[in-house]
S.K.: 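Quick one: this structure, given as structure tokens, is what I'll be asking you about.
Naming convention: chains lettered A, B, ... in sequence-line order (proteins, then strands); numbering from 1 in each chain. Bear in mind the structure is a predicted one, so any value in this text is a computation, not a measurement.
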Amino acid sequence: MSVSDKSTDPASERTDEGPPNFIRDMVLELLQRDPDARLCTRFPPEPNGYLHIGHAKSIVLNFGLARLAPQGTCNLRFDDTNPATEETEYVEAIQADIRWLGFQWDGPVHYASDYFEQLYRWALDLIRAGKAYVDSQSVEELREGRGSFHQEGRVSPYRERSIEENLDLFQRMRAGEFDEGAHVLRAKIDMASKDVKLRDPLMYRIRKVAHHRTGSEWPIYPMYDWAHGQSDAIEEITHSICTLEFQNHRPLYDWFLDTLGISPRPYQTEFGKLNLTYTVLSKRRLLRLVNEGRVSGWDDPRMPTLAGMRRRGITPSALRAFCERVGVSKHDGAVDISLLEYYIREDLDATTRRVLAVLRPLKVVLVNLPEDAAIEVSAPYHPSDEAFGARTLTVTRELYIERDDFMEDPPKKYFRLAPGREVRLRYAAIIRCVEVIKDEAGEVVELRCTWDPETLGAHPPDGRKVKGTIHWVSASQGLDAEVRLYDRLYTVEDPMGHDGDFTEVLNPDSLVTLRGCKVEPSLGDAPVGDRVQFERAGYFCVDPDSRPGAAVFNRTIALKDSWAKIAAKK
RNA sequence: UCGGGGAUCGUCUAAUGGUAGGACUGCGGAUUCUGGUUCCGCCUAUCAAGGUUCGAAUCCUUGUCCCCGAACCA
């Protein structure tokens, strides 16, 4: 390709889609050779748990690939071949999560269970072709017969059953004549293969368990390897994208498709799934957190599930941007959680209005203001985007400031309030602390300050510099609220690398609930899900637990805090 | 030990024989009525050793380390 045709090169259109990657390149090359080539991907979750951010990467990848061509499509298919663990609740939650993330699959929702009949007929074909047989060994015999990495497999005594007998047995398996474990259907490949996966893998097992869609119609269920590739083929998927741990399955994937002679057929490509520091992404372990009550549910804001992140206040667009940026490769690494945090802040900074809220209130009395003072100030909702508008805040004689914004004996470089020192009240005027009131225990319970009217909405006329600005809420006008501060769920970067159980490194402070917080009056009618920035504190959203007059805010993420860094160094 | 994959700044990822680039993090600085944002700057990488070549992250050889695989899970 020459440089001059760059403008018509499909590869040049990738600019808005994040960095290039080997799968995208593969598809782009195909499209360059044949612009009319069919392009169909699929997202194939098993409905046995909720979607997490790792699935988001896969969704963004698969839907993104389909969009590379105008005729490209991406299916949603539930890989529901194990009725013991799958439920309708998950089927519904997964669809809601995909839509929330901002994607819509093409055509109807597909299910591997839609293909049970076709799969069954193909299995009969394989038996007739002498490529599959019914084995009647026990689980233990099967396992032993499979051999090991260093030892060849042993041929089953049932391997040479006649085609007629296999047909009869398999049909009776399907008819429900046998108990679980009595027989299995195996592909006849090669018990001596160095690839353990190819040592006559199981295609069907007997499971007398009701299926969430097919009920009790089927007493036998196809195994993943038998169902997946054929399901792809039925849907005429062209690119079957999956994660690295399925690389070992590809020879089998190919064997079934080739042996059946299905055409056109899909091809599997693997990529490294997303891993995140301070995070565990494994449906089995997330299920444990839920079942053991370590979190409040699949949508606990600390969970890396899409449902949890949604409740936490994280936006779909931040997630999408993150998934684009982490890239796609065959390297199995762990992305630093700070990259995710960056995209969350970037999006929220642009899209949320600023409000004032005091999380840990400390009372301040402005001694030179009359009892009924009500000084109105206009405060823009966003520092750089006028479209957000403004609201009016009222300064009253008594108000609340953050406990952290006052220190009796401040260290160097602390430019907030201290005895005798000045600070600006955000959007209002400068105050000076003239008296500190303590209780019997010696704890500071109130500050007396003077209000400097000359600095209301203006710099001090005498030119003096007041570096600090703090947020505040009127004592009489502020609203009470509950605030839930969320932090990382684990105390270590790699919870699974920890010796022992991953629950041992759960962060005991991952949720801190604050009651008696004070928020500005404009928040009185904030709807559930509403996202705001509490100035100087972080981004928050209204939790569904909120009740009229008793709002609950979840902290999505704190603002970057360079003072905390300075303070921590000392 | 057998089979399949993978090794590039601290992290993720580009560069497919021709200047090792970007993002995040970290560290400085400027601006700022958010210790936020924004802007500017700096630090830091080709797993190792040989070989081919004018030239190697890229090709070859050997080695090292890491991941996956012996479920009637997906």
S.K.: Which dot-bracket string fits RNA chain B when only Watson-Crick or G-U wobble pairs with both atom distances under 3.5 Å count, crossing pairs get [ ], and | stands for a partner on a different strand?
M.R.: .((((((..((((....[..)))).(((((.......)))))....(((((..]....))))))))))).....
S.K.: At less than 4.0 Å, is any side-chain N or O atom of A:Arg205 found next to OP1 or OP2 of B:A74? Yes or no.
M.R.: yes
S.K.: Please work out if A:Thr277 contacts a base, only the sugar-phosphate, or nothing of the nucleic acid, heavy-atom cut-off 4.0 Å.
M.R.: nothing
S.K.: Answer with base, sugar-phosphate or nothing: what part of the nucleic acid does A:Asp336 contact at a heavy-atom distance below 4.0 Å?
M.R.: sugar-phosphate
S.K.: Looking at residues at least two apart in the chain, or sitting in another chain, which of them share a salt bridge (charged side-chain N to carboxylate O under 4.0 Å, His left out) with A:Lys208?
M.R.: none
S.K.: Give a yes/no on whether any side-chain N or O of A:Arg325 is located under 4.0 angstrom from OP1 or OP2 of B:C24.
M.R.: no
S.K.: Would you call A:Arg416 and A:Asp404 a salt bridge, using N to O less than 4.0 angstrom?
M.R.: no
S.K.: Can you check whether A:Lys560 has a side-chain N or O nearer than 4.0 Å to OP1 or OP2 of B:U37?
M.R.: yes
S.K.: Do A:Asp135 and A:His183 have a side chain donor and acceptor closer than 3.5 Å?
M.R.: no
S.K.: Using the side chain to side chain contact (heavy atoms under 4.5 Å, CB included) criterion, which residues pair with A:Met223? Sequence neighbours excluded.
M.R.: A:Leu202, A:Arg205
S.K.: Would A:Arg488 pass as a cation-pi partner of A:Tyr278, given that its NZ or CZ must be under 6.0 Å from the six-membered ring centre and within 45 degrees of the axis?
M.R.: yes
S.K.: Is A:Ser329 near enough to B:U13 that one of its side-chain N or O atoms lies under 4.0 angstrom from OP1 or OP2?
M.R.: yes
